[in-house]
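Just so we're clear, the structure is a prediction, and the values are computed from it rather than from any experiment.
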Amino acid sequence: MPSAENQSSASPNQPQSAAAVALDPVRLLRTYWPWLAGAIVVGGGAGIALFVVLNMLAPKYRATAVYQALTPFSLDFGEIGGSAAGEESEVFMQTQVFNLQSDPLLDLAIQEPNVQNTEWYRQYVRNDAFDRVEALDDLNDIVSARVLPNTALFSVTVSLPSPSDAAIIAQAICTVYENDYNSSRTGDISVIRRNIERQINNLRQNQLSFERQLEVLLVDNQLESTDITESSFYRRLAILQAELVPLRAELTSNRRQLQEYQLLLNQEGTPVYPEPIRAQARMSQVAQRLEAEIEIRRATLEGLRQTTGPNAQSVTTAEAQLQAFENRYEEVVNLKMQETLQNLVQQYKQAIQASESTELSLLEEAETARVQLNQITQNLKKYAEIESELELVLDQISNARQRLDEINMI
């Protein structure tokens, strides 16, 4: 079976497919090269213009330190070197580049006093606490190290908007790098000891700072305890909420009773008074006297009926007088019931007003306690954060002291 190549050469006059013509790169380049050239020119111009504008509006200053790897090495003039050449020298320089931008070394650079006085360092200090994690993360972005091609040189560069800050941070990185290199190269225990002691001193300063912050939080905010449930505001709020429950229940009951009495008071015609009000009206002195007089006249009337007969004039007169007293009794009782109802309405209004005033006072006091509790909660949260930072520093001090003890044993 002939190959595809042989088949193609055997049919030179066979027309090519439309897809093959459309995808011919040479033909595409010949057709659209002016557009491609124009796009390259325009893109390049725009890039250059953007670069110039950014350099004018937001310049970056670079501080660079360059080290030379010498063989044999010497520290007399500050060079960093190695005893190997060729491939081993390249490995050595790549290792130093890695160390220059490693997190442990950058963390040591941050602890340098000169770095802590820079504007770059102060932007990570919030509420008297330094955010080491964020600072170290950002420092990784502004620090770069590389081997210069075809040379025995490697460099470290710091890029910042502030030239002085860039120079200070670059110097700090060089200082801690050289100290680290010298200690690992020469095995000088005293250098290692000094580095650890300096680290411990810096950590002690952080410890004192955190302890002062905790003391200020406790004193200035009058924190009674780090447990929110032991706060007097917490206990007072619980008491107030317990007092509000029966008070509101009483208010609801009184308002409902007042509404019923007001409807009864405003009712047209003779209202049907509740039995307690009617009994209270009957117990009044006037009603009691009339009731006693009515009983006497009923007894007299009954006697007259038995002695003179039911149709006698005296019986008729006695009946009329009894009826008058009974009518008067009903008038007095109705008047007393109306007065009692009005008094009850007034009493319920006064009781409701007093309860509403008490409720408002309790709510205001509860709101004050709630605001204080919210502030205490925020302060306790801040306290816990600082306490966590302090525990971390204490752990670091303990680890550093353990390392120092190991060095002293060596």
Side-chain angles (χ1 to χ4, degrees), residues 99-143 158 165 168-181 183-184 189-228 230 375-410:
N99 291 336
L100 277 167
Q101 51 191 351
S102 64
D103 285 351
L105 187 138
L106 296 181
D107 187 48
L108 288 175
I110 292 176
Q111 300 177 33
E112 287 292 307
N114 290 339
V115 174
Q116 296 180 1
N117 291 327
T118 61
E119 289 295 329
W120 177 87
Y121 182 94
R122 282 191 283 270
Q123 68 180 324
Y124 302 102
V125 178
R126 304 179 184 91
N127 299 324
D128 297 330
F130 177 70
D131 193 339
R132 185 180 300 276
V133 175
E134 183 181 357
L136 186 59
D137 186 60
D138 290 349
L139 190 58
N140 273 292
D141 295 334
I142 64 174
V143 174
V158 178
D165 285 2
I168 291 173
I169 295 174
Q171 181 61 52
I173 293 174
C174 291
T175 299
V176 297
Y177 164 71
E178 291 166 10
N179 290 339
D180 180 74
Y181 178 83
S183 63
S184 62
I189 300 301
S190 62
V191 174
I192 301 176
R193 182 186 294 111
R194 285 196 300 271
N195 288 337
I196 296 177
E197 290 174 345
R198 181 179 61 182
Q199 182 183 11
I200 291 176
N201 289 334
N202 291 333
L203 291 172
R204 288 292 186 191
Q205 294 298 321
N206 292 338
Q207 175 189 355
L208 293 176
S209 174
F210 288 136
E211 289 174 346
R212 283 194 297 268
Q213 293 178 48
L214 293 178
E215 183 179 359
V216 168
L217 268 178
L218 289 174
V219 175
D220 290 357
N221 297 284
Q222 299 179 352
L223 296 179
E224 301 167 343
S225 171
T226 55
D227 187 356
I228 189 66
E230 296 182 6
Q375 184 63 43
I376 291 174
T377 301
Q378 294 177 4
N379 290 332
L380 288 181
K381 181 181 179 182
K382 186 176 181 181
Y383 186 96
E385 292 173 353
I386 298 175
E387 197 172 38
S388 178
E389 293 285 347
L390 177 59
E391 291 177 358
L392 178 60
V393 168
L394 292 176
D395 289 341
Q396 292 174 342
I397 292 175
S398 177
N399 294 335
R401 292 188 63 85
Q402 183 177 356
R403 289 171 54 202
L404 187 60
D405 291 341
E406 294 172 353
I407 294 299
N408 290 331
M409 290 179 63
I410 294 173

D131: side chain to side chain contact (heavy atoms under 4.5 Å, CB included) partners, not counting sequence neighbours: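 Once residues adjacent in sequence are excluded, the partners of D131 under the side chain to side chain contact (heavy atoms under 4.5 Å, CB included) criterion are R126, V133, E134.
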Verdict with supporting geometry, R198 and N195, side chain to side chain contact (heavy atoms under 4.5 Å, CB included): CA-CA 5 Å; R198 181 179 61 182; N195 288 337; 3.5 Å; yes
With rounding to the nearest 0.5 angstrom, report the [atom1] to [atom2] distance, [X] to [Y].
| X | Y | atom1 | atom2 | value |
| --- | --- | --- | --- | --- |
| Q199 | Q396 | CD | CD | 7.0 Å |
| L214 | Y383 | CG | OH | 5.0 Å |
| L203 | D395 | CG | CG | 11.0 Å |

Contact summary for A172 and A109, nearest pair of heavy atoms: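 Shortest heavy-atom contact: CB-O, 4.0 Å.
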Minimum heavy-atom distance between I196 and A400, given as atom pair plus value: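 Heavy atoms of I196 and A400 come nearest at CG2-O, 3.4 Å.
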Taking atom types as modelled, find out whether [X] and [Y] have a side-chain donor-acceptor pair closer than 3.5 angstrom.
| X | Y | result |
| --- | --- | --- |
| Q213 | S209 | yes |
| N140 | D103 | yes |
| Q207 | E211 | yes |

Within a strict 4.5 Å, meaning less than it, do heavy atoms of the [X] and [Y] side chains meet?
| X | Y | value |
| --- | --- | --- |
| V115 | W120 | yes |
| R132 | N206 | yes |
| L139 | V158 | no |

Neighbour count >12 (heavy atoms, 6.0 Å) for atom CG, N127: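 Counting neighbours around CG of N127, 12 or fewer heavy atoms of other residues, nucleotides or ligands fall under 6.0 Å, so no.
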More than 12 heavy atoms of other groups within 6.0 Å of R122 CZ: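 Yes, CZ of R122 has more than 12 neighbouring heavy atoms, counting only those of other groups under 6.0 Å.
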Would you say [X]'s side chain and [Y]'s backbone share a donor-acceptor pair under 3.5 angstrom?
| X | Y | result |
| --- | --- | --- |
| S398 | L394 | no |
| S102 | N99 | yes |
| D180 | V176 | no |

Presence of salt bridge, R403 and E406, under 4.0 angstrom: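 No, no charged N to carboxylate O under 4.0 Å.
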D128 and F210: CA distance, side-chain angles, deciding distance, side chain to side chain contact (heavy atoms under 4.5 Å, CB included) verdict: CA-CA 8 Å; D128 297 330; F210 288 136; over 6 Å; no
Y124 and F130 aromatic ring geometry - parallel, tilted or perpendicular at 30°/60° bounds: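 Plane angle over 60°, so perpendicular.
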Side chain to side chain donor-acceptor pair (under 3.5 Å) partners of Q123, counting only residues at least two apart: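 Counting only residues at least two positions away or on another chain, Q123 forms no side chain to side chain donor-acceptor pair (under 3.5 Å).
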